Amino acid sequence: QVQLVESGGGSVQAGGSLRLSCTVSGWTYSSSCMGWFRQVPGKEREAVATIDSSGDTNYADSVRGRFTISADNAKNILYLQMNSLNPEDSAMYYCAADRFAAEGGYCSIHYYGMNYWGKGTLVTISS
């Protein structure tokens with residue numbers, strides 16, 4: 001059974017940094033599409049960044065140049081390094097994984113059909 005558990009959220013001041021981690025267990029597939037999404041209460045979930053098993057990455061315009069997605073395949077951990085944070089980045093952050101998106105060539109921030117989701121970690125940025 002695939003499980004995703006996020007960690008690393010917290011409260012920081014604007015301009016600060018955080019690194020989110022997502023520990024993946026039970027993943028036995030050779031390919032993967034993994035990503036970070038975020039959601040503010042009352043708003044739709046927003047894709048932040050994705051990475052496939054080839055290492056190709058994709059970012060939302062709002063975070064490009066400030067956030068970096070990476071994966072430690074040996075440890076089965078997905079990361080999101082977030083720098084130059086601003087209050088608009090405050091949200092619940094979720095990691096997600098999909099088995100087929102990478103194989104099908106549609107692993108990107110435009111793909112919201114991930115098979116597996118974590119429960120989220122809260123990020124709060126104060127001005």
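Only this structure's heavy atoms are used, side chains among them; waters, hydrogens and symmetry mates stay out. Note that this is a predicted model, so its numbers are computed, not measured.
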Audit row: Phe37, Ile109, side chain to side chain contact (heavy atoms under 4.5 Å, CB included) steps and yes/no: CA-CA 9 Å; Phe37 296 73; Ile109 59 165; over 6 Å; no
Intermediate values then yes/no, side chain to side chain contact (heavy atoms under 4.5 Å, CB included), Val5 and Ser7: CA-CA 7 Å; Val5 179; Ser7 61; 5.9 Å; no
Worked check of ring-ring contact (aromatic ring centres under 6.0 Å, His included) between Phe100 and Tyr29: CA-CA 9 Å; Phe100 298 108; Tyr29 312 118; 7.4 Å; no
Test side chain to side chain contact (heavy atoms under 4.5 Å, CB included) applied to Glu6 and Tyr94, step by step: CA-CA 7 Å; Glu6 303 94 337; Tyr94 300 89; 4.0 Å; yes
Side chain to side chain contact (heavy atoms under 4.5 Å, CB included) assessment of Met114 paired with Cys33: CA-CA 8 Å; Met114 299 286 193; Cys33 172; 3.6 Å; yes
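Using a distance-only test at 3.5 Å, with no hydrogens or angles considered, a donor-acceptor pair links the side chain of Ser108 to the main chain of His110. Put simply, the side chain of Tyr111 gets close to the backbone of Gly113: a donor and an acceptor are under 3.5 Å apart. Side chain of Asp52 to backbone of Cys107: no donor-acceptor contact under 3.5 angstrom is found. Proximity of a side-chain donor or acceptor of Ser90 to a complementary backbone N or O of Thr124 within less than 3.5 Å is not detected.
In the hydrophobic cluster analysis, where Ile, Leu, Val, Met, Phe, Trp and Tyr join through side-chain heavy atoms closer than 4.5 angstrom, Val40 is grouped apart from Leu122.
Between the side chains of Ser31 and Glu103, at least one donor N or O lies within less than 3.5 Å of an accepting N or O.
The side-chain heavy atoms of Gln13 and Leu85, taken from C-beta on, include no pair separated by under 4.5 Å.
Figure legend: cation-pi geometry between Arg45 and Trp117, with NZ or CZ positioned under 6.0 Å from the six-membered ring centre and within 45° of its axis.
Here the OG1-CD1 distance, from Thr57 to Ile51, works out to 6.5 Å after rounding to the nearest 0.5 Å.
Taking every heavy atom of both residues into account, Leu78 and Gly35 meet most closely at CD2-O, 3.9 Å.
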